[in-house]
Amino acid sequence: MSIIDQSKLSSLIHQKEGHLTRELLLSPGGFGLGKVPEKNLPDATTQMVCGFCGTGCNLNIHLKNGEGVCISPTTEYPVNLGMACPKGWEALSVLDSPDRAVSPLVKKSPNHWEPVDWDSALSLFTSKFKAIQEKHGDESVAFLSTGQMVTEEMAFLGALAKFGMGMVHGDGNTRQCMASAVTAYKQSFGFDAPPFTYQDLEESDVLVFVGANPCIAHPIMWERVMRNPHSPQIVVVDPRKTETAMQSTLHLQIAPKSDMPLFYGIAQLLIQKGYVDADYVREHTEDFDDFKAHVRDYPLERITTETDVSQEKIEQLVELIHTGKRVSFWWTMGVNQSYQGVRTAQAIINLALMTGNIGRPGTGPNSITGQCNAMGSRLFSNTTNLLGGHDFLNDRHRAKVADILDIPVDRIPAENSLPYHKIMEGILAGKIKGLWVICTNPAHSWINQGQARDILDRLDFLVVQDMYHTTETARHADLILPAAGWGEKEGTFINAERRIGRVKRIKRAPGQALSDFSIFKLIAQYWGCGEMFSQWSSPAEVFQLMKKLSAGQACDFSGIEDYTAIEEQGGIQWPFAASETEPPQQQRRLFEDGRYFHENGRARFVFSEPTRMPEAPSEQYPFVLLTGRGTASQWHTQTRTRNSDVLRKLYPNRIYVEINPEDAQKHSVQPNDLIFVESQRGRLKARAFITQSVQPGQLFIPMHYEETNQLTDAVFDPHSSQPSYKCCAVRIINE
Ligand SMILES: Nc1nc2c(c(=O)[nH]1)N[C@H]1C(S)=C(S)[C@@H](COP(=O)(O)OP(=O)(O)OC[C@H]3O[C@@H](n4cnc5c(=O)[nH]c(N)nc54)[C@H](O)[C@@H]3O)O[C@H]1N2
Ligand SMILES: Nc1nc2c(c(=O)[nH]1)N[C@H]1C(S)=C(S)[C@@H](COP(=O)(O)OP(=O)(O)OC[C@H]3O[C@@H](n4cnc5c(=O)[nH]c(N)nc54)[C@H](O)[C@@H]3O)O[C@H]1N2
Ligand code: SF4
Ligand SMILES: [Mo]
């Protein structure tokens, strides 16, 4: 029996159809990089933010009869200044694909799904999850969310799942990515607050990139570095000689996971040489004396041994930090994805604090975000934080949120969710039996795949809500819900420099696919909690709710009037409170007044002893395996980027492993040989790519291939629960 009024459902789907006045203009792959087929010459242009990486470039979408037909980068937007990387240029073509989910699909037997209508799909969704909850309690159903939907959808999902459906546990793919930076900032600054603005990339005279490869992963941020007029010194700290390291002026080819001793050793040298900004430390920080005592144990001799970096290079970096007028530190996954990611990030933050390199142009300890809306997820996914950067454990916060949303306060859980890996463990232990996965692909991206897939198969009911029905996770699903993607729906993203930007619907989603927003709205009605979400009528209305939720928080953006204001200003960075009297400036950084978000206004020096690599190389498994991004044209698990003919030409189709010539010779490996790479957990076959970019004793495999995570070891940072994707012990075996 249908729980929803059928006419409402058909009107919702009709509205979607009504958006279009004609059939799709484009055949798949019908245009190349910005080339417009003549017959489709555009007749209007609109603008929106790119849906791949956290850089948040703005794109002009050229329209023909109201529908996007090709893209060019926006020249006057403060992020990208007329530039885009291949993924941005090709963002429209990945939407057309035979892999798109065009109707809900229900699993009928192993490897066999049948299309059903939305009414049946949502009735099944509701009855299955309700039955599990009735039998095993509210904690038996969980969700996994994302950093890649618009913020309005994330907030809706988090509110629906926790306040409407009664779930306690929900986490997201941002755990795989940003959790260590989030925890580091919270502990050090009192709020998860990346302080920078992209202009800093052009204003620094010394830029230090740690575990970051922006040439591949954030190409347009890198272009901003290339525009820097100060002939900057560019330092790269990375075990690999990456594309970015090749462009650097100083490369510290560090032993994997030795960043903490390196930065503590550098702090000790800065102290010894009298290079500390004592005024800044005294006025704006606390616990420096304890830190000072801590780093005494890191003399130069110890550092060179533990990091494999020469004394000369370490001293060179110390001098650069001292002589640089504007020193900025930038880090990404080489730091976060580690069993000691939080403390490594804080070792970087400490260097910026002790030298006063924060709150001024061209400075900062700056964590770069990965996904297009990682920052939106950090504030509004309702997973680790209560909506708007609030705390589930704080009575006042729960009351405030309940009041704004006009819901009973007891609908808000007064406990924190389990983190991602504990949700996985909960499934393994039979405590969690239902899982709803939205906009993420854990059966490819989660660590230690052998175990991860086994875990997903133990569920009584797995729902996957995705643009494509062919993802690795969808293959395990009992129910697949077809979602509209970027460009097919409305909302906002928040980029790495806290800039809120617009996303628009410039294309019709295929078949019966609906925006995630509409899916959540329907689920609320089917579940019987539609009333609770009566205010949540459109993304624009939810944006107004989010403004209220942010008010009074460090991320306050209550001063942004609406979507139009965002567009007119070229995106708006938080904070921008309603009390502001002047329009927002285009480039704003945090902590200009030296006041942090802890109650006493001070930043903290946080540190601890480094721990041992959980799975160090051994006689049996002599290599350290590093994983990460392979090319600028591949995106994560490749569900999107493999659909562009142009992008496919720009990356290796098959899995490869980078190996140093010395090791290749030792193991009689020739270029392009197929070799096995094996860890204690699994084995894969990859083509050997012999290159000096990896050091002897190390291998590198990109994460974009399905097999990679069969090898990785499920180890997590104890403070952030982020997976340590970037080191495990492996061996190679010739075919
Ligand atoms: N083209 C493309 N761009 C992307 C993405 C994509 O899939 N494709 N994904 C986006 C996302 S979500 C993210 S999170 C970012 C990731 O962006 P990055 O973090 O820049 O990319 P990664 O290649 O994962 O890792 C960066 C570097 O960390 C190094 N590393 C490994 N171990 C260590 C270590 O112990 N110490 C140090 N110092 N370095 C180490 C690796 O050698 C690697 O070069 O990219 C974003 N941009
Ligand atoms: N070994 C190794 N593993 C890694 C990493 C590594 O460096 N090494 N990096 C980790 C990092 S940093 C990250 S961020 C993760 C990424 O891991 P995932 O999040 O699993 O990767 P994606 O391919 O981005 O998955 C997003 C999914 O959402 C779907 N999708 C896209 N847009 C929409 C939408 O609007 N709505 C819905 N419903 N679905 C949509 C896509 O089709 C895709 O299936 O991988 C992690 N895994
Ligand atoms: S750099 Fe990132 S945001 Fe910019 S076009 Fe490329 S993928 Fe899109
Ligand atoms: Mo990420």
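Numbering of ligands and ligand atoms starts at 1, following listing order. If you read the sequence from its start, that first residue is 1, and numbering goes on from there.
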Can E153 and K489 be counted as an ion pair, charged N to O under 4.0 angstrom?
yes
Salt bridge E706-R642, side-chain N to carboxylate O under 4.0 Å
no
Run the numbers for me: atoms of ligand 2, each under 4.0 Å from some heavy atom of [X], listed by number.
{"X": "Y468", "answer": "42 (O)"}
{"X": "G485", "answer": "35 (O)"}
{"X": "N441", "answer": "18 (P), 20 (O), 25 (O), 44 (O)"}
{"X": "N709", "answer": "1 (N), 2 (C), 3 (N)"}
{"X": "K489", "answer": "34 (C), 35 (O), 36 (N)"}

For ligand 1, protein residues within the heavy-atom limit of under 4.0 Å are C53, K87, C177, V210, G211, A212, N213, I216, A217, H218, V237, D238, P239, R240, T242, P256, K257, D259, T332, M333, G334, G370, Q371, L626, G628, R629, T631, A632, Q634, W635, H636, H704, K726
Can you confirm whether T151 sits close enough to F543 that some side-chain heavy atom of one is under 4.5 Å from a side-chain heavy atom of the other?
no
Distance in Å, T712 OG1 paired with N448 CG, rounded so as to fall on 0.5 Å steps
6.0 Å
How far does CD of E306 sit from OH of Y264, to the nearest 0.5 angstrom?
12.0 Å
Check if E153 has a non-hydrogen atom at a distance under 4.0 Å from any atom of ligand 2.
no
Between [X] and ligand 2, which part of the residue brings a heavy atom under 4.0 Å of the ligand: side chain, backbone, both or neither?
{"X": "T471", "result": "side chain"}
{"X": "D516", "result": "side chain"}
{"X": "T440", "result": "both"}
{"X": "A484", "result": "backbone"}

Taking only residues at least two apart or on different chains, which pairs with a member in residues 234-248 satisfy side-chain hydrogen bond (donor to acceptor under 3.5 Å, both in side chains)?
N213-E243, N213-T244
Where does the angle between the aromatic ring planes of [X] and [Y] fall among parallel (under 30°), tilted (30 to 60°) and perpendicular (over 60°)?
{"X": "Y705", "Y": "Y656", "result": "perpendicular"}
{"X": "F125", "Y": "W436", "result": "perpendicular"}
{"X": "F156", "Y": "F517", "result": "perpendicular"}
{"X": "F716", "Y": "H421", "result": "parallel"}

Walk me through it: do H476 and R453 pass the test side chain to side chain contact (heavy atoms under 4.5 Å, CB included)?
CA-CA 8 Å; H476 297 256; R453 290 180 178 195; 3.8 Å; yes
